[in-house]
Amino acid sequence: MIRYSLYHPLTPRPLRFGTMRMLRHWAIHRAWQIYKRNMRRAREGELERQYNKIKEACEELRRTDLRLFRIAVSKKGVGVPPIEMRIPTDTPPMRGWNHGWTRAV
Amino acid sequence: MNSGQKCSRPVLGLLLRRSLLSNSSKPCVLRTYSTATTATSTTAESASAGFTYDLEARKEADASESFSVASAVILSRPPMLTRDLPDFESSYYFYQRRLNDRLQLPFTRWFYFKKGTLADQEWKRKQAAANKYNPYGPRGWADELLVGDNSHISEDNGYQYLVDTTVTGEEDTLRMAATRAEAAKEAEAKGEPFEHPTEIVAKPFPRISQADLENDTKSLNRKMSRTLYLLVKKNRDSFAWRFPQSALVGEENLREGAERTLKEAAGGNMHTWFVGNVPIGHRAYNYPWGIVDEGKKGGKKVFFMKARILAGQADLTDNKLGLDDFKWVTKEEIQPLVSGRYWKALKGVLSDR
């Protein structure tokens, strides 16, 4: 494999860009950086808002009912995510959502 | 009780608003009715909803700052699909892929396929047929898309292109599946024992489902790349749509209350998972002036609990919360359905994706 990469007749040459192509490339690169920054900021903002909401709710609960507050923050019976959870995929499953699921009695 | 909440819009509907008339001494309560209307008998009307007009009790409740506590369930279906790529992102990835092509060594046929094998022949045939970009040819520099050229975006995420240009064994697999299905059918016709062939999927399924095309808000196959939330509709005119909610009963805690609420609202045939014991949001409001509920409290604090649905479907038949409709909606679709204050309390709670 090493020999293959060293002696391949079509060894890749370095990219040589003309002036306009280089400018285009630079513009694309900058646009991508800005896009990624906006995405990251939006995501961080969303997480921060959600965290603050949880915090406010807990504070409100503490002022309302101390017993409920203690139970809520105790982490008792939190458990682990069920194994039926699926990560997002690129294409949907064959049968779609299982609407007919019934609880075993 | 803080003074800001006293100005809150009454959330109890027209029935209760009318019952306010006999004692509308509070100027800060927003009123949409005329004060000249004659007062009606208040207790009889509002008693049906569990609320009574009792000024003394209300004054007492306000003085002691006591609220009744309710728990609500934000039941969501997590995204089933990866997010939809915006045009900018997909064209950027395509641009980078072409640059990568220019910097890589070409595919070496003799390294991967033995000469004269079927795979080798398939590769040669497909390469001859494909009109591909060649990074080593004389036009290798023309790796960019021209303006208006959307050939890099395809319905099937480039699946058909892969089948057309690379060795996939796709045709053999499909032919084999067809033969097996035919053999099974023949055996069945003759009455011999046979085995159902395993189903072979010819193509990946489209990301846009039938429920999307029909905009079927009851279906969980809709908007598969987004989070869907369960909203239910109470049987009343105003402020009808909201998350399933009910007051805590007895000594139960928020999570137990939420689990019971969900069961009473949408039945037990949903596989759900409650994420932690901590509320992810809250909303506090006062009843219209003079109104108290069964527990002689003058307002309510609702705590929202987070839950995920893994399978199953909501079923409102014989629910105990007076609900008559439900919807699975995304975050944006919730806003027009609920009141402004409700949306304000939940805007930061719900997920953007």
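Side-chain atoms are counted along with the backbone in the values below, which use heavy atoms only and exclude waters and symmetry mates. Naming: A, B, ... by sequence-line order, numbering from 1 per chain. All values reported here derive from a predicted model rather than from experimental measurement.
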Name the member of P279(B), S91(B), G267(B), A314(B) that forms the most heavy-atom pairs with chain A at distances under 4.5 Å. P279(B)
Just wondering, are more than 12 heavy atoms of other shown residues or ligands nearer than 6.0 Å to CZ in R21(A)? yes
Any idea which heavy atoms bring S71(B) and A258(B) closest together, and the distance? OG-N, 3.1 Å
Measure distances from R67(A) to the heavy atoms of chain B and classify the residue's part below 4.5 Å as side chain, backbone, both or neither. side chain
Apply salt bridge (Lys or Arg N to Asp or Glu O under 4.0 Å) to residues E332(B) and R226(B) and explain how you reach the verdict. CA-CA 11 Å; E332(B) 296 84 68; R226(B) 297 292 311 276; 2.9 Å; yes
Need one label for Y159(B): side chain, backbone, both or neither, based on atoms under 4.5 Å from any heavy atom in chain A. neither
Contact winner vs chain B - S74(A), P88(A), G100(A), heavy-atom pairs under 4.5 Å: P88(A)
Sort I309(B) into side chain, backbone, both or neither according to what part of it lies under 4.5 angstrom from a heavy atom of chain A. both
Quick one: of D156(B), L350(B), D143(B), who has the most non-hydrogen atom pairs under 4.5 Å with chain A? D143(B)
Contacting region of M80(B) [heavy-atom separation from chain A under 4.5 Å]: both
Pick one of side chain, backbone, both or neither for R255(B), based on which atoms fall under 4.5 Å of a heavy atom in chain A. side chain
Which bit of M270(B) is near chain A, if near means a heavy-atom gap under 4.5 Å: side chain, backbone, both or neither? backbone
Heavy-atom pairs under 4.5 Å with chain B - which of R16(A), E48(A), R24(A) has more of them than the others? R24(A)
Can you confirm whether or not the ring centre of W32(A) sits under 6.0 Å from the ring centre of Y93(B)? yes
Chain A heavy atoms under 4.5 Å from A345(B): which part of the residue, side chain, backbone, both or neither? backbone
Report the distance from atom CZ of R49(A) to atom OG of S351(B), rounding to the nearest 0.5 Å. 10.5 Å
Using non-hydrogen atoms and a 4.5 Å limit, figure out which bit of D352(B) sits close to chain A: side chain, backbone, both or neither. both
For E144(B), is it the side chain, the backbone, both, or neither that has a heavy atom closer than 4.5 Å to a heavy atom of chain A? side chain
What is the distance from atom CD1 of I34(A) to atom NE2 of H29(A), rounded to the nearest 0.5 Å? 10.0 Å
Looking only at L99(B), L254(B), L220(B), N253(B), most heavy-atom pairs under 4.5 Å shared with chain A are made by L220(B)
Atom CZ of R37(A): over 12 foreign heavy atoms under 6.0 Å: yes
For atom CG of L213(B), decide whether the heavy atoms of other residues, nucleotides or ligands shown that lie under 6.0 angstrom number more than 12. yes
Flag the pair F205(B) / M94(A) as yes when at least one side-chain heavy-atom distance between them is below 4.5 Å, and no otherwise. yes
Heavy atoms of R102(B) and Y133(B) approach each other most closely as CG-OH, 3.3 Å
In terms of relative ring orientation, are F243(B) and F304(B) parallel, tilted or perpendicular, with 30° and 60° separating the classes? perpendicular
Check each atom of R43(A) against the heavy atoms of chain B and say whether the ones under 4.5 Å are side chain, backbone, both or neither. neither
Need one label for F69(A): side chain, backbone, both or neither, based on atoms under 4.5 Å from any heavy atom in chain B. neither
Just so I understand: if I count every heavy-atom pair under 4.5 Å between each of K76(A), K36(A), H25(A), K75(A) and chain B, which residue has the most? H25(A)
Okay, L68(A) and chain B: the region with an atom under 4.5 Å from a heavy atom over there is side chain
With a 4.5 angstrom heavy-atom cut-off, which part of K55(A) approaches chain B: side chain, backbone, both or neither? neither
Under 4.5 Å from any heavy atom of chain A - which part of S219(B): both
H271(B) NE2 to T102(A) OG1 distance, which is reported to the nearest 0.5 Å: 12.0 Å
Below 4.0 angstrom, N of the basic side chain to O of the carboxylate: do E259(B) and K263(B) qualify? no
Report the option among V278(B), D315(B), L248(B) that has the most heavy-atom pairs separated by less than 4.5 Å from atoms of chain A. V278(B)
